[in-house]
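Scroll down for the structure; my scribbles are underneath it.
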Protein chains: 2
Amino acid sequence: MLSLHQLRCFLATYEHGSLTAAATELGYAQPSVSEQIRALEKSLGVQLFRRVGRGVVPTTVADELRPHAERTLAAAEEARRAVTSAKALQTGTIRFGMFGAARLYAGAGLVADVLARYPGVRVELIGQNSNEVQEDLRRGRLEAAMIAVPAATSEGMTVTPVAKDELVYISADPERLASPVTPQRFAQAQLVMPETTWRAVDSTRIVLRQMLHETGRNPTTRIEVEDIETAVELVGMGLADSVIPKGAALQLLPRLAPSAGYVSLRPRQYDTLAVVHRSGATLSPAARLMIELATRRIQQIAEPYSPR
Amino acid sequence: MLSLHQLRCFLATYEHGSLTAAATELGYAQPSVSEQIRALEKSLGVQLFRRVGRGVVPTTVADELRPHAERTLAAAEEARRAVTSAKALQTGTIRFGMFGAARLYAGAGLVADVLARYPGVRVELIGQNSNEVQEDLRRGRLEAAMIAVPAATSEGMTVTPVAKDELVYISADPERLASPVTPQRFAQAQLVMPETTWRAVDSTRIVLRQMLHETGRNPTTRIEVEDIETAVELVGMGLADSVIPKGAALQLLPRLAPSAGYVSLRPRQYDTLAVVHRSGATLSPAARLMIELATRRIQQIAEPYSPR
DNA sequence: CGCGATCCCTAGGTCATTCCTATGATGCGA
DNA sequence: TCGCATCATAGGAATGACCTAGGGATCGCG
């Protein structure tokens, strides 16, 4: 079976015209190199060197083999180098999970942070929804992610809360923004809610359902849309109100709904943003980097998490 | 230490997303592949797969490694293929030694024979002089050669005579061609002799010296030139006569000295053409081919060798 | 022409690697 | 919750890598 080791011995022997010299260069005893060459010749079924009195002389087949041997060793070396630099985050791909809304107002800055520090890397931010991201985590497609809890956290996951993101009520009607929105008023509102596909398990909705449940009411939605931008635009057009994370409101309202504003709920409600990964896994440098940078970004916008 | 085997296991695992499947494809037991992957990860100092419940999932570093692993294995395969086809004489270089005059009138046809049979190969015909060729043989730079004996044959060489090439007297003067040239007449001739550099050991001259020595005379040369064509041209201009192998005379006289002709010596003198190689060496297919073709070519021109 | 130096091969032994079977641990899906 | 699929571990046999020691051939030199 052809091996890189044999090719290394072959090249050293070819260049020196001597087994002894090759062995010296490679740091082996002479019979070891001799044995490797013999094994290579046997495996190829051809004579590579003629043993002639003083030293050895390559055959024409050896001439033929040499450039290929060099190419093969170079490719192997290149492979090692690529891995090393990927390990050092100089190149390669960094993949990180991040649920929709948080990605919306922290994602671009996060990617910018990574690229500023490691210009050679590719960055992938995965996931439209926290639960989708959790599924990727569970399947191993993602090493770590920043998601909004509560979501149906499965066993074997380590969850580290990093920030609280307040949920605010947004509307184009100044009257409804005059004072914090109570559950009573909230229950009567005409709402547009994003992330239709995932409404049953969406973190924000779970929080809101809980809030309303305490008052014995169910939330009603007038419009269901897929993405948060559309929801904000609809709010700007005065067609409905909505509840979104404050960070998203700060970024999207001026751009998509300049006539609208936001106000807190009463009592204040929060999405908890947390870093999640498989329990017991040792995180790669890339993942640790992303976690650190994402945490910093998020905490610039949302309040740092403080356990009660 | 990185090995091709590890890369093969890595690729199979990457493609199947499973150690078991990879092992099946490669024809190994599952723990063997597992061990190879672990060794590769250790040698690179990086995790390549995350072990996740059902199967394994490549990390981004593995994504980075894969194309390089493929390139490396392809290069190794290419190396093997190149050697195989060189071995089968489909490509590569065939090197053969052949001394000056014989190469002159048989070389082109010999090369044509080889190329007709093996269109992909490169052919090198080495050597201007028998002794130069012998030196290459002794040093191992040549595997086998067709040379003219007697020449100073050194120990350790196997000499197989294949043809006798008669030495003929050439002249532009029809009178001198009327009858075979005796040593007496020869000793008085004005001669032009080729291969100046090697005159002391040249095979033809040794034969002629022996012939004259029996009559107690020494040969005199009027002109010394390096190559046989020049000598023949000078003969054609009537400036001197010469002695060259009959094969060379047949080919060169019509072209370079149409007014000249040739006649035998009395007694007839012969160069013996022989195949020479190191004793005890097993000849490569290429060398055997060249010997066979060269022998056939030579025997079409010179008389087959018949031991007395 | 012998003599030492050089270089390759062979022999025999040690140690590491490779590969196997058997078995345990774990996650997934019915 | 049970069965199945998958990976990890353990232990042992076979193979390969490497070494030291010594023999044979060749080369250059006195």
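The sequence lines fix the lettering, A, B, ..., with proteins before strands; numbering per chain opens at 1. The model shown is predicted, which means the values in this text are computed figures rather than measured ones.
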> Is there a donor-acceptor pair under 3.5 Å between the side chain of B:Thr72 and the backbone N or O of A:Ala75?
Replying inline: yes

> Taking the side chain from A:Glu41 and the backbone from A:Leu48, do they hold a donor-acceptor pair closer than 3.5 Å?
Replying inline: yes

> If every non-hydrogen atom of B:Pro67 is compared with every non-hydrogen atom of B:Asp63, which pair is closest and at what distance?
Replying inline: CD-O, 3.2 Å

>> Quick check on side-chain contact (heavy atoms from CB on, under 4.5 Å): which of B:Val159, B:Leu142, B:Thr160 does B:Val276 satisfy it with?
In response: B:Val159

List, with names and distances, any nitrogen or oxygen atoms from the protein found under 3.5 Å away from nitrogen or oxygen atoms belonging to nucleotides 7-17 of chain C.
{"residue": "C:dC8", "atom": "OP1", "partner": "A:Leu19", "partner atom": "N", "Å": "2.7"}
{"residue": "C:dC8", "atom": "OP2", "partner": "A:Thr20", "partner atom": "N", "Å": "2.8"}
{"residue": "C:dC8", "atom": "OP2", "partner": "A:Thr20", "partner atom": "OG1", "Å": "2.3"}
{"residue": "C:dC9", "atom": "OP1", "partner": "A:Arg51", "partner atom": "NE", "Å": "2.5"}
{"residue": "C:dC9", "atom": "OP1", "partner": "A:Arg51", "partner atom": "NH2", "Å": "3.4"}
{"residue": "C:dC9", "atom": "OP2", "partner": "A:Ser34", "partner atom": "OG", "Å": "2.6"}
{"residue": "C:dC9", "atom": "N4", "partner": "A:Gln30", "partner atom": "OE1", "Å": "3.1"}

> Between B:Arg38 and B:Ser34, is a side chain to side chain donor-acceptor pair (under 3.5 Å) present by the stated rule, with each step listed?
Replying inline: CA-CA 6 Å; B:Arg38 217 169 314 118; B:Ser34 176; 2.8 Å; yes

> Closest approach of A:Leu44 and B:Lys87, non-hydrogen atoms and distance?
Replying inline: O-NZ, 3.1 Å

> Considering only heavy atoms, which members of residues 1-16 of chain A lie under 4.0 Å from some atom of DNA chain D?
Replying inline: A:His5

> How many Å lie between CG on A:Leu26 and C1' on D:dC19, as a whole number?
Replying inline: 16 Å

> Looking only at heavy atoms, what is the nearest atom pair of B:Phe49 and B:Ile37, with distance?
Replying inline: CD1-CG2, 3.8 Å

> Roughly, in whole Å, what's the span from OH in B:Tyr28 to P in D:dT15?
Replying inline: 14 Å

> At their closest point, which heavy atom of B:Ala294 faces which heavy atom of B:Leu110, and how far apart are they?
Replying inline: N-CD1, 3.5 Å

